[in-house]
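Convention: sequence-line order gives letters A, B, ...; per-chain numbering from 1.
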Amino acid sequence: MSKDISTRAENYSKWYNDIVTKANLADNSAVRGCMVIKPYGYAIWEKMQQALDKMFKDTGHVNAYFPLFIPKSFLSKEAAHVEGFAKECAVVTHYRLKNDENGKGVIVDPDAKLEEELIVRPTSETIIWNTYREWIQSYRDLPLLINQWANVVRWEMRTRLFLRTAEFLWQEGHTAHATAEEAVEETEKMLEVYAHFAETFMAIPVIKGRKTANERFAGAVDTYCIEAMMQDGKALQAGTSHFLGQNFAKAFDVKFTGKDGKQDFVWATSWGVSTRLMGALIMTHSDDQGLVLPPKLAPFQVVIVPIYRSDEEFQKVCDAGKSIKQELEKAGISVKLDDRDTHKPGFKFNEHELRGVPVRIAIGPRDLENGTVEIARRDTLEKEILHIQDLPTKIAHLLEQIQQNLYTRALTKREEQPLAFKQW
RNA sequence: CGGGAUGUAGCGUAGUCCGGUCAUCGCGCCUGGUUUGGGACCAGGAGGUCGCAAGUUCGAAUCUUGCCAUCCCGACCA
């Protein structure tokens, strides 16, 4: 609550940081610009991954994994690409440490210098297209529709938790096609997938657009993106999909023989979303009480808080809580029973609000007598009393309503924003 | 990478200008008891290289220099 976090009006940036850290999503680490994603934050990311991964697979893609390291020479094969990334690359120059002869600790062993330096991938086009050369000979090998879940490193000067970190998690799709038309179609299709994901799962209305020439991805012919409006009136680029033309095929000499027997370079796309989506999620829905999560991405959708005085009451309300949990789970709702006896109910109420749990159920002795519970929704902070037997259907409905309300609310906010187009 | 600010216990802070029992207070943490429908109360207790490193000085949280980190504004970027 305001006891813990700044308000948006006071200091928007501080409010954002407070939510990330106080809701236990992530923290800065000992490594400059790199964050520790904590279990609760990672659970949200896993939810996003699951939903996206399914959408990728439903559109014909498969997952694979390519190396973290890229030979330096690869990066320079596509001129615009290296131009774009050169300034923010971490470079591996040695492969061994040794004890410092003069004192404590270890030093880099000068004898263990790599013949060719390795770049920690800022993105994987080069290593992937170098590999595709071996995989693609014929039009029969196309299209090649591959996605990778990975971490990448971009040595950013100014970092912010989730929004811009030196290392971040993402997925990168890399597809190869026989024709330009097909590749453009893929680029547009994946942008649609991202837009659909943002609106349906994250409850974030997005605007689809195309980047201008100098905003384009380094090495792309055309860059499409989805942008979302944050509560401070700034737009956040939430996902990009690139039509790469034949740039990388030419750089890595990836040709295929068509039905007509003629050779041609392969057409390419790449597309990605990152842990920055977490930042978008946080900034779009949260309020001065803390995080607000859309039910479809909440690690648990419902929390049950037992209220009791004696040990005997504790047993009774917990038993009731357990059976409610079971009934809700049967209805496909994820539930956590907060049966910690080390914290008071009021403390738990505030904590779960701070962490954005969509629905809270409070159950106490009074409820046991009446066959009711008190439920509270996080988005509006409204409470009502429900009969226990109605819970599965009513809560399922309520969760849908919250999901919808968050979207509508975000859309309204966007429309009310003055046209101050600033970007993160 | 340019401009500005900050760094004292897990968190938030007092003290820094005017060097000298100054390491303050709150939250949190631990123990015991009473509590439990919106962040409980009482009593006791633990916890600190004052960001790091040099320097000035009889003496440095306090002054000087360098470094590191974080935050804000900008440029750049997913």
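In this structure, A:Gly272 reaches neither bases nor backbone, as no heavy-atom distance under 4.0 Å exists between it and the strands shown. Residue-level contact check: A:Asn17 touches the backbone only, with heavy atoms under 4.0 Å from sugar-phosphate atoms and none from bases. Across all strands, A:Lys383 comes closer than 4.0 Å to base atoms (heavy-atom distances). Among the heavy atoms of the strands, none lies under 4.0 Å from A:Ser270.
Contacts between residues 48-80 of chain A and RNA chain B, defined by a heavy-atom separation under 4.0 Å, are absent. The stretch residues 28-47 of chain A comes close to RNA chain B through A:Asn28, A:Arg32, A:Gly33, each having a heavy atom under 4.0 Å from the strand. Within residues 305-314 of chain A, the residues that place at least one heavy atom under 4.0 Å from RNA chain B are, in residue-number order, A:Ile307, A:Tyr308, A:Arg309.
Atom-to-atom, CG of A:Asp288 to P of B:G39 comes out at 20 Å; the value is rounded to the nearest Å. Separating the CD1 atom of A:Ile375 from the P atom of B:G38 is a distance of 17 Å, rounded to the nearest angstrom. One can place CG of A:Asn214 at 13 Å from C1' of B:C77, the figure rounded to the nearest angstrom. When the C1' atom of B:U70 is taken as reference, atom CG of A:Leu161 falls 11 Å away, rounded to whole Å.
Side-chain atoms of A:Arg164 come within donor-acceptor range of the base of B:C77, with a qualifying N/O pair under 3.5 Å. Between the side chain of A:Arg360 and the base of B:G38, at least one donor-acceptor pair of N or O atoms lies under 3.5 Å. Put simply, the side chain of A:Glu374 and the base of B:G37 share no donor and acceptor less than 3.5 Å apart.
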Distance-only donor-acceptor hits, side chain of residues 265-272 of chain A, under 3.5 Å, sequence neighbours excluded:
from: A:Thr269; atom 1: OG1; to: A:Thr175; atom 2: OG1; distance (Å): 2.5
from: A:Thr269; atom 1: OG1; to: A:Trp271; atom 2: NE1; distance (Å): 3.3
from: A:Ser270; atom 1: OG; to: A:Glu125; atom 2: OE2; distance (Å): 2.8
from: A:Trp271; atom 1: NE1; to: A:Glu186; atom 2: OE2; distance (Å): 3.4

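A sub-4.0 Å separation between OP1 or OP2 of B:C76 and a side-chain N or O of A:Arg154 is absent.
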Parsed dot-bracket for RNA chain B after applying the Watson-Crick and G-U rules with both distances under 3.5 Å and | for other-strand partners is ((((((((.[[[..)....(....]]].((((((.....)))))).....[[[[[..)....]]]]])))))))....
All N/O pairs under 3.5 Å across the protein-nucleotides 40-51 of chain B interface:
from: B:A40; atom 1: O4'; to: A:Lys344; atom 2: NZ; distance (Å): 3.4

